[in-house]
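Excluded from the calculations below are hydrogen atoms, water molecules and symmetry mates; all remaining heavy atoms, backbone and side chain alike, are included. Source: prediction; values computed, not measured.
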Amino acid sequence: MTAITPTKKPEILPSLEEDYELLKRAVRDAGALANSYFKQDVQVFKKPDGSEVSDADLAVDAAMKLDLTTRRKDYGWLSEESPDDRSRLKYSRVWMIDPIDGTNAYLRHIPEWTVSAALVEDGVPVLGVVYNPAKDEFFHAMRGHGAFLNDEPIHATDKAILEGAKMIASGGLFRKKIWQEPWPEVTAEWVNSVAYRLALVACGRGDATISLTAKAEWDLAAAAVIMDEAGGVTTDHRGNAHTYNRESPKFPSLVASGKPLHPLLIERTSRIDL
């Protein structure tokens with residue numbers, strides 16, 4: 001008689017509520033650490049792509065990685081400041097981290113940087129936290145449970161026309177010759193952190209944000225949950241939804257706004273070949 005070895009039962013993952021509390025605590029701690037370096041004399045290095053990274057970025061990344069991966073050993077990890085370990089592709093749940101999003105602002109003592117952290121499950125961001133410690137703004141969301149700023153509910157605007165829209169984006173973008181027709185009168189405010197731009201749209205301080213340059217998964221994952229839960233829409237410039245934890249963690253572009261405005265933006269951006 002042949003013995004049959006029972007298959008090993010998969011370990012039960014923690015609840016999303018447990019992960020939400022863990023992530024919020026980790027981001028608050030990371031924000032405090034980042035803020036302790038802010039406006040101090042930090043070391044700055046050049047990355048291979050020419051962008052800057054500081055010892056503060058690396059310290060926050062190391063602290064978050066230790067905190068989150070120690071407590072969740074069966075989760076993947078993707079961070080701007082860590083080498084990409086492709087073993088993340090085999091995990092259902094993956095932490096996606098930008099330890100200091102907006103390093104350029106951080107190094108120039110401008111309070112427009114954030115700690116951005118998400119949990120992605122089966123390619124979809126389900127938890128997101130975007131924290132600006134310098135302004136004490138803590139944006140957070142769990143899919144299906146609403147979006148919050150400092151624990152107060154937030155909502156994207158319901159603006160439905162382009163005229164007078166407030167864009168959290170480069171003002172020069174709307175004057176470029178790439179557009180088939182001129183934009184109506186809009187205002188534009190530049191903000192360094194991509195995650196912060198999205199959070200500002202999610203809480204109604206801006207109507208939309210547009211970027212026609214490549215973005216990484218760690219740039220968008222956390223704020224995408226917050227945008228969705230605030231009643232907004234986040235896509236690429238063709239209107240395609242972003243999917244996460246792919247082999248190449250890059251997106252071509254970003255268009256995000258409240259639901260009424262989004263089709264009007266895509267009508268213009270989708271004509272652009274990047």
Side-chain angles (χ1 to χ4, degrees), residues 4-37 47 53-101 103 114-131 133 138-145 147-148 194-195 215-226 228-229 242-251:
I4 299 175
T5 304
T7 58
K8 182 181 179 182
K9 292 183 179 179
E11 292 188 20
I12 298 174
L13 295 174
S15 70
L16 284 179
E17 288 79 5
E18 290 173 306
D19 283 346
Y20 196 24
E21 293 308 311
L22 171 61
L23 186 62
K24 287 190 286 186
R25 286 196 303 271
V27 172
R28 283 203 182 275
D29 290 345
L33 177 60
N35 215 27
S36 72
Y37 283 86
K47 294 198 281 190
V53 63
S54 72
D55 51 358
D57 294 82
L58 300 177
V60 174
D61 184 67
M64 293 191 77
K65 187 172 186 179
L66 179 64
D67 189 2
L68 293 172
T69 61
T70 299
R71 297 174 190 274
R72 298 291 187 265
K73 297 184 184 301
D74 293 323
Y75 290 22
W77 174 267
L78 178 66
S79 167
E80 179 174 12
E81 309 306 347
S82 299
D84 185 3
D85 182 352
R86 296 298 179 86
S87 69
R88 64 181 168 78
L89 298 171
K90 72 182 182 183
Y91 291 103
S92 171
R93 292 183 180 176
V94 180
W95 300 115
M96 291 196 180
I97 311 294
D98 195 338
I100 298 179
D101 184 41
T103 297
T114 60
V115 178
S116 177
L119 181 67
V120 169
E121 183 172 43
D122 298 327
V124 177
V126 290
L127 304 176
V129 181
V130 175
Y131 183 28
F138 193 85
F139 301 87
H140 59 96
M142 179 168 72
R143 189 162 295 280
H145 291 76
F148 302 88
V194 180
K215 298 290 175 277
E217 293 187 12
W218 55 73
D219 289 324
L220 306 185
V225 192
I226 297 168
D228 285 354
E229 290 300 307
H242 297 129
T243 57
Y244 293 77
N245 198 31
R246 298 165 309 143
E247 190 166 338
S248 176
K250 292 284 185 179
F251 303 122

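- Put simply, the side chain of R143 gets close to the backbone of P125: a donor and an acceptor are under 3.5 Å apart.
- Of the options L66, D19, L22, a side chain to side chain contact (heavy atoms under 4.5 Å, CB included) to R71 is made by L22 and by none of the others.
- With rounding to the nearest 0.5 Å, the separation of CZ in R93 from CG in L13 is 4.5 Å.
- A donor-acceptor pair under 3.5 Å is formed between the side chain of E229 and the backbone N or O of G144.
- Side chains of Y37 and I100 form no contact here, defined as non-hydrogen atoms less than 4.5 Å apart.
- Taking every heavy atom of both residues into account, P14 and Y75 meet most closely at CD-OH, 3.2 Å.
- Residues V94 and Y244 form no side-chain contact, since every pair of their non-hydrogen atoms from C-beta on lies 4.5 Å or further apart.
- The minimum heavy-atom distance linking W218 with S79 is given by the pair CE3-C, 4.0 Å.
- Residue I226 holds its CD1 atom at 10.5 Å from CG of L127, rounded to the nearest 0.5 Å.
- Taking CZ of F148 as the start and NZ of K24 as the end, the distance is 8.5 Å to the nearest 0.5 Å.
- Of the inter-residue distances, the one linking T69 atom OG1 with D74 atom CG reads 11.5 Å to the nearest 0.5 angstrom.
- Remark: the S116 side chain and the D101 side chain contain no N/O donor-acceptor pair separated by less than 3.5 Å.
- Between F138 and Y131, the angle of the ring planes goes over 60°, which puts this pair in the perpendicular group of the 30/60° scheme.
- In this view, L89 and R86, N245, E247 satisfy the side chain to side chain contact (heavy atoms under 4.5 Å, CB included) rule, not counting sequence neighbours.
- Summarising the geometry of V225 relative to M142, their closest heavy-atom pair is CG1-C, 4.4 Å, with the distance given to 0.1 Å.
- Inter-residue side-chain proximity for L16 and E121 is flagged as met; some heavy-atom pair is nearer than 4.5 Å.
- In this structure the side chain of T103 never reaches within 4.5 angstrom of the side chain of V53, judged on heavy atoms.
- Distance alone, capped at 3.5 Å, is enough to place a donor-acceptor pair between the R246 side chain and the K250 backbone.
- Of all non-hydrogen atoms in Y91 and K73, the two that sit nearest each other are OH-O, 4.3 Å.
- Each of I97, D85, D84 was compared with W77 under the side chain to side chain contact (heavy atoms under 4.5 Å, CB included) criterion, and only I97 meets it.
- Formation of a donor-acceptor pair under 3.5 Å by the D219 side chain with backbone atoms of A216 is found in this model.
- In this structure a side-chain-to-backbone donor-acceptor pair under 3.5 Å is missing from D29 to A26.
- Tested against E81, the residues M64, K47, K65 include a single side chain to side chain contact (heavy atoms under 4.5 Å, CB included) partner, K47.
- The aromatic rings of H140 and Y20 sit tilted relative to each other, their planes meeting at an angle between 30° and 60°.
- The minimum heavy-atom distance between A222 and V130, with the atom names listed, is CB-CG2, 4.0 Å.
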